[in-house]
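The structure under discussion appears below in the form of structure tokens.
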Amino acid sequence: MRVPTFTDVLDARDRITPVLPPTPMWHSTALSAATGAEIFVKYENTQPIGAFKVRGGLNLLATMPERERAAGVLGYSTGNHAQSLAYAARHFDVPCTIVMPENANPTKAAAVRALGAELVEFGATFDESSARAHELVAERGMRLVSAANEPRLVAGVATAYLELVRTQPDLDAIVVPVGGGSGAAAACIVTARLAPRCEFIAVQSAASPAAHDSWRAGEVVERPNTTAAEGLATGSGFELTQRILRDRLTDFMLVDDADIAAAQWSMLRDAHTLAEGAGAAALAAVLAQRDRFAGKRVAIVCTGANASQAELRRIIPRG
């Protein structure tokens with residue numbers, strides 16, 4: 001797999017801009033008071049699918065040969081990658097099949113169906129869905145689209161960080177949640193060119209630490225995958241994104257699911273922002289290490305807002 005370049009990101013911006021306007025980025029007084037840092041939030045939860053991944057799907061299908069488009073695309077996902085492919089497939093009139101776990105977030109599953117994709121529910125985890133997706137591709141001859149091992153997906157997602165850095169060029173740190181790592185890898189490509197002195201920190205749930213442990217080990221590893229934060233729920237690292245992270249990432253943190261839930265509530269209560277678990281993980285990391293970030297200008301990315309009703313009931317305190 002070819003590692004996407006900064007030029008690839010600029011090309012992706014030119015393809016995506018006519019379809020997706022830039023998302024807002026604002027200083028949050030409330031979250032700054034809670035953390036002791038100067039917090040800027042990049043609101044990727046305002047995308048039409050409620051998550052940043054739509055950028056990657058659009059860029060991938062925009063550059064796909066007609067032969068592959070005619071055969072259709074098939075993806076596997078816990079939700080937001082699925083919606084990204086379904087949205088792009090509808091935009092380009094391409095057949096789309098998505099494999100999701102049987103216990104997938106019903107909000108995300110319903111959105112995939114509403115976008116016109118065929119939804120196959122299989123297995124209890126992302127990894128079991130992945131295995132079924134590979135079987136279906138062999139049967140149907142469709143183009144399998146990985147959630148992370150796709151250079152054009154990464155280049156598309158990187159347009160979010162192009163907007164972020166150009167809006168706030170003097171940041172001290174950027175904190176990004178990681179599942180498969182497409183967002184973090186994308187941020188690495190952009191910050192290496194435009195903000196080389198800015199610290200770049202990834203965060204993942206301690207209940208699904210495959211990407212974190214792969215980065216620490218210097219090779220792709222598998223780990224238990226039990227987090228409730230769907231966007232962080234992967235049981236293995238991905239080769240492409242890990243290769244990019246090894247070259248640029250400053251640090252990789254783990255946070256507990258309880259800390260993620262508390263950060264979701266803080267974003268909802270204090271910043272009036274709906275975030276799913278992955279979308280609040282960056283704030284959870286800053287809250288967990290206040291001393292490290294105190295007084296610094298820190299960007300956090302709210303990567304998605306697709307929280308189910310059950311998830312919202314879990315994070316809102318009773319009484």
Side-chain angles (χ1 to χ4, degrees), residues 1 49-61 64 68 71-90 94-154 156-157 178-183 185 204 208 210-211 214 220 222-242 276-278 303-304 306 308:
M1 286 174 289
I49 66 164
F52 77 105
K53 283 184 176 287
V54 67
R55 297 171 181 267
L58 284 169
N59 190 54
L60 175 67
L61 267 71
M64 188 176 287
E68 287 189 349
V73 292
L74 192 152
Y76 52 96
S77 171
T78 55
N80 288 334
H81 173 57
Q83 290 183 78
S84 169
L85 279 185
Y87 184 92
R90 186 178 71 167
V94 172
C96 180
T97 298
I98 299 295
V99 185
M100 296 176 72
E102 293 171 353
N103 62 344
N105 180 330
T107 301
K108 296 177 180 179
V112 168
R113 291 191 181 97
L115 288 165
E118 176 193 3
L119 180 62
V120 176
E121 296 178 284
F122 182 88
T125 66
F126 173 88
D127 307 285
E128 291 176 4
S129 296
S130 169
R132 180 57 179 153
H134 282 78
E135 293 172 355
L136 287 175
V137 161
E139 295 170 10
R140 300 184 181 186
M142 302 175 82
R143 163 71 153 85
L144 182 67
V145 182
S146 166
N149 282 334
E150 296 282 355
R152 286 173 286 174
L153 279 184
V154 174
V157 168
V178 173
S182 63
Q204 188 172 42
S208 295
S214 295
V220 170
E222 297 182 358
R223 290 293 184 265
N225 179 19
T226 61
T227 181
E230 297 141 8
L232 309 179
T234 55
S236 174
F238 286 80
E239 182 57 45
L240 175 62
T241 51
Q242 285 292 322
E276 61 186 275
T303 52
N306 296 310
S308 67

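Sequential numbering from 1 along the given sequence is applied to the chain's residues. Just the heavy atoms: all of them, side chains too, but no hydrogens, waters or symmetry mates, feed the values below.
The backbone N or O of Gly179 sits less than 3.5 Å from a side-chain atom of Thr234, completing a donor-acceptor pair. Between the Glu128 side chain and the Ala124 main chain, a donor and an acceptor come within less than 3.5 Å of each other.
With sequence neighbours excluded, no residue forms a side-chain hydrogen bond (donor to acceptor under 3.5 Å, both in side chains) with Arg90. In terms of the ring-ring contact (aromatic ring centres under 6.0 Å, His included) criterion, residue partners of Phe126 (sequence neighbours excluded) are, by chain and number, Tyr76. Not counting sequence neighbours, the partners of Glu239 by the side chain to side chain contact (heavy atoms under 4.5 Å, CB included) test are Met1, Asn149, Val220, Arg243, Arg246. Remark: Ala278 pairs with Leu232, Thr303 by the side chain to side chain contact (heavy atoms under 4.5 Å, CB included) rule, at least two apart or across chains. Residues meeting the salt bridge (charged side-chain N to carboxylate O under 4.0 Å, His left out) test with Glu135, sequence neighbours left out: Arg132. The salt bridge (charged side-chain N to carboxylate O under 4.0 Å, His left out) search around Glu102 returns none, not counting sequence neighbours. For the side-chain hydrogen bond (donor to acceptor under 3.5 Å, both in side chains) test, residues two or more places apart in sequence or in another chain that qualify with Glu121 are Arg113. For Asn225, the side-chain hydrogen bond (donor to acceptor under 3.5 Å, both in side chains) test picks out Asp127, Ser208, with sequence neighbours left out. Residues satisfying the side chain to side chain contact (heavy atoms under 4.5 Å, CB included) test with Ala71, not counting sequence neighbours, are none. Annotation: salt bridge (charged side-chain N to carboxylate O under 4.0 Å, His left out) contacts of Arg223 (sequence neighbours excluded): Asp213. When the side-chain hydrogen bond (donor to acceptor under 3.5 Å, both in side chains) test is applied to Gln204, no partner is found at least two apart in sequence or on another chain.
With rounding to the nearest 0.5 angstrom, the CG atom of Leu61 is 7.0 Å from the CG atom of Leu85. To the nearest 0.5 Å, the span separating OG on Ser214 from CD on Glu222 amounts to 9.0 Å. Once rounded to the nearest 0.5 Å, the distance linking CZ of Arg55 with CG of Leu60 reads 16.0 Å. Note: Ser130 OG to Leu144 CG = 7.5 Å, rounded to the nearest 0.5 Å. The distance from atom OG of Ser129 to atom NE2 of His134, rounded to the nearest 0.5 Å, is 12.0 Å. Rounded to the nearest 0.5 angstrom, Leu153 CG and Ser146 OG are separated by 7.5 Å.
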Check step by step if side chain to side chain contact (heavy atoms under 4.5 Å, CB included) holds for Met100 and Leu119. CA-CA 7 Å; Met100 296 176 72; Leu119 180 62; 3.4 Å; yes
Evaluate side chain to side chain contact (heavy atoms under 4.5 Å, CB included) for Phe52 paired with Asn80, printing each intermediate quantity in order. CA-CA 8 Å; Phe52 77 105; Asn80 288 334; 5.9 Å; no
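The side-chain heavy atoms of Pro101 and Thr125, taken from C-beta on, include no pair separated by under 4.5 Å. Taking the side chain as every heavy atom from C-beta outward, Met142 and Leu136 never approach each other to under 4.5 Å. Residues Leu240 and Pro151 meet the side-chain proximity criterion, which asks for heavy atoms closer than 4.5 Å.
Defined by atom type and a distance below 3.5 Å, a donor-acceptor pair is missing between the side-chain atoms of Asn306 and Asn105. When only modelled atom types and interatomic distance are considered, Lys108 and Thr78 share no side-chain donor-acceptor pair under 3.5 Å.
Across Leu74, Val73, Val112, a single residue satisfies side chain to side chain contact (heavy atoms under 4.5 Å, CB included) together with Cys96, and that is Val73.
The heavy-atom pair separating Ala111 from Gln83 by the smallest distance is CB-OE1, 3.2 Å. Minimum heavy-atom separation, Ser84 to Gly56: OG-C, 4.3 Å. Here the closest non-hydrogen pair linking Gly237 and Ala210 is N-CB, 3.9 Å.
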